[in-house]
Amino acid sequence: MSELSVNHLLGIKYLNKKDIKLIFETADHFKEVINRPIKKVPSLRDITIANLFFENSTRTKLSFELAEKRLSADVLNFSSAQSSVKKGETLIDTVNNILSMKVDMVVMRHPNPGAGVFLSKHVKASIINAGDGAHEHPTQALLDSYSIREKLGEVKGKKIVIVGDILHSRVALSNIFALQLQGAEVMVCGPKTLLPKYIGKLGVKVETDLRKALNWCDVANMLRVQNERMDISYFPSTREYTQQFGVTKALLNSLDKKITIMHPGPINRGVEITSDVADSDQAIILDQVQNGVAVRMAVIYLLASKIKQ
Amino acid sequence: MNILIKSATIIDSKSEFHNSTQDILIEKGTITAIAKSIPNPGKYREIQFDNLHISQGWFDSSVSFGEPGFEERDTIANGLKTAAASGFTAVAMNANSHPVIDSNSNITFVNAKAQNHIVNLLPIGALTVESKGEDLAELFDMKSAGAVAFYDYKKSISNPNLMKIALQYASNFDGLICAFPQENKIAGRGVMNENITSTTLGLKGIPAIAEELQIARDIFLLEYTGGKLHIPTISTAKSVDLIREAKKKKLDITCSVAIHNLYFTDAVLNDFNTHFKVLPPLRIQSDVDALIEGLKDGTIDMVTSDHNPIDVEHKKVEFDHAKYGTIGLESAFGALNSLFTIKKTIDVLTKGKTRFGLENTPINIGNKADLALFNPDTKYTFSKTDIISKSKNAIFEGETLKGKVYGIISNNKISINS
């Protein structure tokens, strides 16, 4: 039987092409399962998973929890927007305390880049990174690619532009790695202040004109501006941002072709996309959410089967 | 103390015996004879080692020993022991303790701790009160107590007018001002060099320009004020250019580079290892090349280990939360000697002395014996067992280094590693 090349999912950059193929094929199966009248399988009855969210999250947390429950795993939830470090306990101690209650797998969101990598070196559990600072958000990138594959048949050869706040985005980075691994062409588009200076070295095209970017692409992945991560204003006002980088239906209609619109959520309606775009038939935003559960089931299932060995 | 060193190769470009193998007789701390073969005049202690080389004792212009206040990191006593075992006969100790060394009495405390030691400890006083960057500390008073320079360790002086006044004021009594090269607003919340590696890791970057802007500013100020300026630990190619130009203008400016900035690039950070979290951050290969070039052509005056013990509680944490710094005394010689010829290695380990008020003591008859004893050819993997510091945050752990230290002779004392 095929298996993943890794024991943790810390980032897309630690995966290979075969891993992604395996995850998608497994997700295909689970997608069929979650559309059955009985949406649950008994695969992980002997597995306990702790969801540790050291940063706010709604959809990712729900999506993981649902994925775990659909697989019949026992689930433990821990949310603390205030990092345990502030209370004086180290991350390793926090997690080891939870692991001593016989937990097999940890799904962790954390504000610091590399927190998952760090943890994987110091604790005995399989770690799934559910977002670590501006580093990676691998399951989001996987579900994004999975949704492109579902909509356009394949990812290879497709042109995808990621629009918005690339500087503070783990979604952008994971998407770039995932899309390139599958043979897609990637462009990033946004105000120069929100594009990392050296992003071009990753082999992506860099564009600051939204219309040009949209005319180039097959798919536009619209990111939210992460005000909460900004130490200073990177642009003068939301209004001015929207004038340059907001997608409206009129703009979409004026393009040479019909492109697909994605968004990892949460949407700021009227900022990066208008409501008529978000609700149009070009948007696959809710498909992404549904696919998120199937893809996360696949990742958890595949990592759990390595624990069982 | 009377010693007879047997067949040692002398590496000292200022000595008439440079590059020759000699016996050296030391009586009461002074070199009294150097010759091909010297018989033992009495019951003198004989020093004989495999492939023994000697040079002037080495000097490090930036070490931190924790004490007072951070004894969990290290103590002055153990720090000096580490220096001795690593070939250093003099170290300038930073003021980054608690309390900050910012007064005459603090300098006196430090001096008392190091009294009668084989290693000379040169205290650096803080430039501003508590190193807060607001008001000048009592520089003259500290100098009277023995402070060799004034430096807010790793804290740049944001206020240009304060730097202007510091340079002007210290020039009254020939004081040496050290200015950490970082423009804090540009550096922002950066934790490593800004480039492709920081982008890939999602870590905030410190752009090279943060350092260069500050150096350019301070050179402008120095040109206006006169005075003596030392820029500790530069790390970028353009910084080397800026200082090269300033020296052409005959400004009284010197600079140092941390040994790890000559050895590593930011690529080593790829798995978030906090041992590599240092300030200034590890840069890219073109910077490393320019730093090495700058050292070779004399633009960079001296190297430093930038030795800074940090307890494991502040290193074994998420990268963003980890403290900057690495220990470096123990690995300094082996690392440099893997990069440069032995002559250049010794040159950069001894050249900074006069800037910090020490005399050069070439290996000649009649001079004080201030010596490092070593074997430049031993290759070994630097590991935890090579660490003497209380904290084990060694950036060079696991590296293959070349050259081991046997010990030092200084202040009419001898210290030989077991």
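The analysis underlying the following values was restricted to heavy atoms, covering all of them including side chains, and did not include hydrogens, waters or symmetry mates. Naming: A, B, ... by sequence-line order, numbering from 1 per chain. Fair warning: this is a prediction, and the values are worked out from it, not measured in the lab.
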Q | Check against side chain to side chain contact (heavy atoms under 4.5 Å, CB included), B:Lys316 and A:Lys121 | A | CA-CA 11 Å; B:Lys316 197 176 166 184; A:Lys121 289 187 204 163; over 6 Å; no
Q) Could you give the distance from CG (A:Leu195) to OG1 (B:Thr199), rounded to the nearest 0.5 Å? A) 11.0 Å
Q.
Please report the interatomic distance OH(A:Tyr198) to CD1(B:Ile284), rounded to the nearest 0.5 Å.
A. 6.5 Å
Q: Would you please test B:His321 and A:Asn112 for side chain to side chain contact (heavy atoms under 4.5 Å, CB included) and show each step?
A: CA-CA 8 Å; B:His321 296 309; A:Asn112 298 123; 2.9 Å; yes
Q: Hey, could you give me the CD1/OG1 distance between A:Ile199 and B:Thr200, rounded to the nearest 0.5 Å?
A: 8.0 Å
Q. What part of A:Leu202 gets closer than 4.5 Å to chain B, counting heavy atoms only: side chain, backbone, both or neither?
A. both
Q | Interatomic spacing from CG in A:Leu10 to CZ in B:Phe272 - rounded to 0.5 Å | A | 9.5 Å
Q | Polar side chain donor-acceptor pair, A:Lys201 to B:Asn195, under 3.5 angstrom | A | yes
Q) Is it the backbone or the side chain of A:Leu173 that comes under 4.5 Å from a heavy atom of chain B, or both, or neither? A) side chain
Q: Grab the two heavy atoms, one from B:Gly202 and one from A:Pro113, that are nearest each other, plus how far apart they are.
A: O-CG, 3.2 Å
Q: Kindly check if the number of other-residue, nucleotide or ligand heavy atoms within 6.0 Å of CD1 (A:Ile92) is above 12?
A: yes
**Q.** Euclidean distance, A:Lys197 NZ relative to B:Glu194 CD, rounded to 0.5 Å
**A.** 7.0 Å
**Q.** Approximate separation, where rounding is to 0.5 Å, of A:Tyr14 OH and B:Asp271 CG
**A.** 7.5 Å
